[in-house]
Amino acid sequence: MPGVSVIVPTYNYARFLDPCLESIFAQTYGDFEVIVVDDGSTDDTVEVLRKYEDRIRYIYQENMGLSAARNTGIKVSTGKYLAFLDSDDIWLPLKLEAQLRVISEDSDVGIVFSDARAFDGKNVLRESILKEERICTGHCFRRLFMGNFLVMPTVMIRKKCLDEVGLFDETLTAVEDYDLWLRISAHYKIGYVDMMLAMYRVHPSNMSRDYCRLLDNEIRVIRKIVELFPERARDLGGRVHRRFNSLYTQYGLELVRKGDVGQAMRSFMNAIIEQPWRVRPYYYFMAAMTGKRGFDALREFKRSWLRLNQ
């Protein structure tokens with residue numbers, strides 16, 4: 001039985017697979033299995049993977065989405081710990097060794113993560129993804145509820161946690177990792193390795209994000225967590241309303257940007273219901289009543305007025 005099962009979901013990323021897999025095989029810790037789950041690729045994925053056939057377990061499935069691909073890998077994994085590496089990202093050599101030291105020392109730690117760099121394949125775009133984040137270790141449910149600070153390619157989890165909290169939610173089309181981290185953090189501690197252990201690749205395929213979809217899924221996740229853990233939600237008190245207020249406001253702004261003013265007004269109204277004393281959603285709601293063009297004009301007027309009065 002290997003110490004770690006490394007799960008690599010991939011979909012039409014043949015061009016990134018070589019550096020991804022080579023970064024796994026370059027690890028200073030060697031007791032691992034690699035499970036590559038091909039989620040219905042139509043490019044040269046199979047041809048690229050052929051050279052690794054004696055070092056990986058390859059599973060092909062019809063396209064079902066990222067959560068389903070990760071879950072497929074989890075179900076066939078045999079390691080005590082799980083590590084996830086999307087096929088466009090890479091690890092630095094000490095990743096597994098450094099994190100295993102932390103997670104194996106304390107059975108109450110369910111997740112361990114670290115910092116990562118953002119790069120475009122040639123140049124480093126951000127030296128530290130977590131530079132501006134307030135890092136939390138230990139019992140972090142309260143902090144994690146207010147926003148995700150775990151960088152996906154750096155995460156390692158204790159597999160037995162999933163027996164208690166379940167797998168990735170396949171009904172989510174975004175932030176499915178955040179949902180799982182929250183469920184684990186409700187029962188287990190979070191560990192952190194203060195090192196750069198991964199490189200997160202930024203490229204056109206992952207830059208063209210639908211932020212409306214991201215925010216809609218994040219709202220669904222927070223609502224789900226509140227329902228799953230009512231006692232935790234009561235302990236959070238006003239933070240729950242503040243979190244929803246912020247998400248509904250952001251969602252409304254993105255909906256206006258996309259031209260869906262009616263849905264945006266409903267989102268701003270939800271923000272108002274969550275925290276009626278906050279002024280900003282009222283302003284946005286009234287601005288949205290003028291339509292997208294009027295909304296944009298009012299926001300630009302507000303920005304100009306603020307600049308003049310600084």
Side-chain angles (χ1 to χ4, degrees), residues 67 71 102-103 106-113 130 132-152 155-192 211-255 263-285:
S67 291
N71 286 345
V102 173
I103 200 168
D106 186 346
S107 61
D108 290 331
V109 171
I111 308 176
V112 61
F113 73 108
L130 295 179
E132 307 299 326
E133 290 285 347
R134 182 167 60 87
I135 302 300
C136 176
T137 60
H139 296 288
C140 296
F141 178 84
R142 181 183 294 259
R143 165 66 183 87
L144 193 60
F145 182 87
M146 300 307 292
N148 187 21
F149 54 88
L150 274 65
V151 185
M152 182 64 195
V155 170
M156 177 185 288
I157 66 175
R158 190 180 303 275
K159 187 179 179 182
K160 76 170 187 177
C161 295
L162 303 182
D163 296 333
E164 190 166 2
V165 307
L167 305 182
F168 288 98
D169 186 340
E170 297 182 18
T171 69
L172 295 169
T173 58
V175 299
E176 67 291 327
D177 53 344
Y178 179 43
D179 168 64
L180 183 57
W181 312 155
L182 276 167
R183 284 184 276 133
I184 293 174
S185 71
H187 301 280
Y188 293 88
K189 295 192 293 188
I190 293 178
Y192 177 67
Y211 284 101
C212 278
R213 180 171 60 86
L214 288 171
L215 288 164
D216 177 60
N217 276 265
E218 192 163 354
I219 290 168
R220 288 174 57 196
V221 166
I222 295 302
R223 189 180 297 122
K224 169 185 173 179
I225 294 301
V226 168
E227 292 173 356
L228 277 176
F229 305 105
E231 291 185 7
R232 292 274 192 172
R234 283 193 292 272
D235 290 342
L236 288 166
R239 289 180 175 84
V240 174
H241 297 292
R242 186 162 77 244
R243 186 79 164 100
F244 276 122
N245 176 278
S246 175
L247 286 171
Y248 280 126
T249 301
Q250 293 176 63
Y251 188 37
L253 291 172
E254 284 298 317
L255 287 165
Q263 185 64 28
M265 290 176 68
R266 285 188 284 274
S267 192
F268 293 137
M269 181 55 67
N270 284 332
I272 291 167
I273 291 169
E274 291 294 334
Q275 289 190 310
W277 57 89
R278 291 194 177 271
V279 174
R280 198 163 61 125
Y282 289 98
Y283 169 80
Y284 290 143
F285 179 85

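- Going from atom CG of L172 over to atom CZ of R213 covers 10.5 Å, rounded to the nearest 0.5 Å.
- Proximity of V240 to V226: side-chain heavy atoms (C-beta onward) are separated by under 4.5 Å at one or more points.
- Between N245 and A271 the shortest heavy-atom distance is ND2-O, 2.9 Å.
- Here the side chains of F268 and L253 are in contact, with some heavy-atom distance below 4.5 Å.
- Remark: R278 CZ to R242 CZ distance equals 7.0 Å, nearest 0.5 Å.
- The distance from atom CD1 of I135 to atom CG of L130, rounded to the nearest 0.5 Å, is 4.5 Å.
- With sequence neighbours left out, the disulfide (SG to SG under 2.5 Å) criterion links C136 to C140.
- R243 contributes no side-chain N or O that, together with a main-chain N or O of I219, makes up a donor-acceptor pair within less than 3.5 Å.
- Within the 4.5 Å cutoff, no side-chain heavy atoms of V109 are placed close to those of Y192.
- Distance check: L144 CG to I225 CD1 gives 9.0 Å after rounding to the nearest 0.5 Å.
- Within the 3.5 Å criterion, the main-chain N or O of L182 finds a donor-acceptor partner in the side chain of S185.
- Judged by distance alone, the side chains of Q250 and S246 do bring a donor and an acceptor atom under 3.5 Å apart.
- Side chains of R183 and K224 form a contact here, defined as non-hydrogen atoms less than 4.5 Å apart.
- Using a 4.5 Å heavy-atom threshold, the side chains of I157 and L162 count as touching.
- For N270, the side chain to side chain contact (heavy atoms under 4.5 Å, CB included) partners at least two apart in sequence or on another chain are Y248, I273.
- In terms of the ring-ring contact (aromatic ring centres under 6.0 Å, His included) criterion, Y251 has no residue partners (sequence neighbours excluded).
- Put simply, the side chain of R143 never gets that close to the backbone of F149: no donor and acceptor are under 3.5 Å apart.
- Formation of a donor-acceptor pair under 3.5 Å by the Y282 side chain with backbone atoms of P276 is found in this model.
- When only modelled atom types and interatomic distance are considered, R220 and T171 share a side-chain donor-acceptor pair under 3.5 Å.
- Under the ring-ring contact (aromatic ring centres under 6.0 Å, His included) criterion, F285 pairs with no residue at all, not counting sequence neighbours.
- Of all heavy-atom pairs spanning S267 and G252, the tightest one is OG-N, 3.5 Å.
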(request) Carefully, step by step, assess Q275 and F244 under the rule side-chain contact (heavy atoms from CB on, under 4.5 Å). (result) CA-CA 9 Å; Q275 289 190 310; F244 276 122; over 6 Å; no
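- Note that CG of L215 is 6.0 Å distant from CD of E254, once rounded to the nearest 0.5 Å.
- Residues L247 and I222 are in side-chain contact: their nearest non-hydrogen atoms beyond the backbone lie under 4.5 Å apart.
- Inter-residue side-chain proximity for M269 and R266 is flagged as unmet; no heavy-atom pair is nearer than 4.5 Å.
- With sequence neighbours left out, D235 forms a side chain to side chain contact (heavy atoms under 4.5 Å, CB included) with R142.
- The two atoms that bring F141 and R232 nearest to each other are CE2-CB, 3.6 Å, heavy atoms only.
- Taking the side chain as every heavy atom from C-beta outward, R158 and K160 approach each other to under 4.5 Å.
- The structure places CD of E170 at 4.5 Å from CG of N71, a figure rounded to the nearest 0.5 Å.
- Checked by atom type, the side-chain pair D169/S67 shows no donor-acceptor distance below 3.5 Å.
- Residue pairs that meet the ring pair (Phe, Tyr, Trp, His ring centres under 6.0 Å) test with at least one member in residues 168-190, sequence neighbours left out, are F84-F168, H187-F229.
- Looking at every heavy atom in both residues, P281 comes nearest to T249 through CG-OG1, 3.7 Å.
- With hydrogens and angles disregarded, no donor-acceptor distance shorter than 3.5 Å links the side chain of D216 to the backbone of C212.
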